[in-house]
**Student:** 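Sharing a structure with you now.
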Amino acid sequence: MAIKKFMYLNRKASYGTAYAIESLEVVLIAAAFDQDVSLAFIDDGVYQIVEGQNTDGIGMKNFSKTFHALGDYDINKLYVSAESLEERGLTADDLMPLVYEDEDDDWEEKPSVKIVSNAELTKIMSDQDVCLSF
Amino acid sequence: MKFSIQINEGPYQHQASDSAYQFAKAAIAAGHEIFRVFFYHDGVNNASRFTMPPQDDRNVVNQWAELDIKNADGEPELVVCIAAALRRGMLDESEAKKNGIEGNNIHPAFRISGLGQLIEAGIQSDRLVVFGD
């Protein structure tokens, strides 16, 4: 069976609704299926990978650290909408430094996060076989 | 064409399940195949056999059950995510027993399974259509 391109489209903040954590659960399961997986963060979804999240005050599990594990599952294409960041007063420096080890380049550590314009993201999305939207 | 459907919202509060049902019905009528319907997030609530809407309203759960979507082995292909279901109090007979709880609420036209079934649906189908917010 040919490998398909799966994109997980994250549009909601980490807390407030269950979309973000339940999206991440699918992504981690998907890693076992050897498909070509990428993630996109748009709208409030960009908050999911903001550095320094603290859930002490809301009684919820802080799952943001799980994003650091994605690299180990060969999930290293994380696209972030530049417009969505800018609309929220965020920059690349506000995001978690998510990395993966490139097996084709002597396991060099490389960044997984790529900030792209919405126009670029549109192109990447149209190139996918399956887009799961959360 | 072979379709799979993902439903992310519960019944009555949100139209996602109704729209997905209309889509599935139209697709089947047009000669297409529905490979699987996967209920995720609050969508798991679409599988409660205790759903009792007023008489003049549609029964969202029974509508799905009547579509009778099954695979070649006769198993239902209305699939409820186990993790999402359990944390929302949706249990089938086996999960209720396993957790020492009396009673169960998953309609027999549905079955409980893992998230891998969603990924598999994406791989096996020509199109995976997501209904939700």
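A quick note: this is a predicted structure, and the numbers were derived from the prediction, not measured. Letters go in sequence order (proteins before strands), and every chain restarts at 1.
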**Student:** Tell me whether Met7(A) shares a hydrophobic cluster with Leu78(A), the cluster being built from Ile, Leu, Val, Met, Phe, Trp, Tyr side chains joined at under 4.5 Å.
**Tutor:** no
**Student:** Let me know if Val26(A) has heavy atoms under 4.5 Å from chain B in its side chain, its backbone, both or neither.
**Tutor:**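 Both backbone and side chain.
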**Student:** Look at the side-chain heavy atoms of Ile, Leu, Val, Met, Phe, Trp and Tyr, link any pair under 4.5 Å apart, and say whether Val130(B) and Val37(B) land in one connected group.
**Tutor:**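 No.
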**Student:** Same cluster for Leu121(A) and Ile49(A) if Ile/Leu/Val/Met/Phe/Trp/Tyr side chains link at under 4.5 Å?
**Tutor:** no
**Student:** Count I, L, V, M, F, W, Y as connected when their side-chain heavy atoms are under 4.5 Å apart, and connections chain through other members. Are Leu39(A) and Val130(A) then in the same cluster?
**Tutor:**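 Yes, it is one cluster - the side chains of Leu39(A) and Val130(A) are joined through contacts under 4.5 Å.
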**Student:** Taking only residues two or more places apart in sequence, or in another chain, which ones meet Arg58(B) in a side chain to side chain contact (heavy atoms under 4.5 Å, CB included)?
**Tutor:** Tyr12(B), Asp18(B), Val60(B), Gln63(B)
**Student:** Nearest 0.5 angstrom please: Leu132(A) CG to Leu118(B) CG, how far?
**Tutor:** 5.5 Å
**Student:** Under a single-linkage rule joining Ile, Leu, Val, Met, Phe, Trp and Tyr whose side-chain heavy atoms are separated by less than 4.5 Å, which residues share a cluster with Ile3(A)?
**Tutor:**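 Answer for Ile3(A): none, a lone residue.
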**Student:** Could you tell me whether the side chain of Phe6(A) reaches within less than 4.5 Å of the side chain of Ile123(B), counting heavy atoms only?
**Tutor:**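 Yes. Closest side-chain heavy atoms under 4.5 Å.
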**Student:** List, with distances to 0.1 Å, the donor-acceptor pairs found between chain B and chain A - the cut-off being under 3.5 Å and no angle criterion applied.
**Tutor:**
unit_1: Glu9(B); atom_1: OE1; unit_2: Tyr19(A); atom_2: OH; d: 2.9
unit_1: Glu9(B); atom_1: OE2; unit_2: Tyr19(A); atom_2: OH; d: 2.5
unit_1: Tyr40(B); atom_1: OH; unit_2: Glu22(A); atom_2: O; d: 2.4
unit_1: His41(B); atom_1: ND1; unit_2: Glu22(A); atom_2: OE1; d: 2.9
unit_1: Arg87(B); atom_1: NH1; unit_2: Glu22(A); atom_2: OE2; d: 2.4
unit_1: Arg87(B); atom_1: NH2; unit_2: Glu25(A); atom_2: OE2; d: 2.8
unit_1: Arg88(B); atom_1: NH1; unit_2: Glu22(A); atom_2: OE2; d: 3.1
unit_1: Arg88(B); atom_1: NH2; unit_2: Glu22(A); atom_2: OE1; d: 3.3
unit_1: Gly122(B); atom_1: O; unit_2: Lys4(A); atom_2: NZ; d: 3.0
unit_1: Ile123(B); atom_1: O; unit_2: Lys4(A); atom_2: NZ; d: 3.0
unit_1: Ser125(B); atom_1: O; unit_2: Lys4(A); atom_2: NZ; d: 2.7
unit_1: Asp133(B); atom_1: O; unit_2: Arg11(A); atom_2: NH2; d: 2.3

**Student:** For a quick test of your reading: what N or O donor-acceptor pairs under 3.5 Å do the side chains of residues 25-34 of chain B make, sequence neighbours left out?
**Tutor:**
unit_1: His32(B); atom_1: ND1; unit_2: Met1(B); atom_2: N; d: 2.9

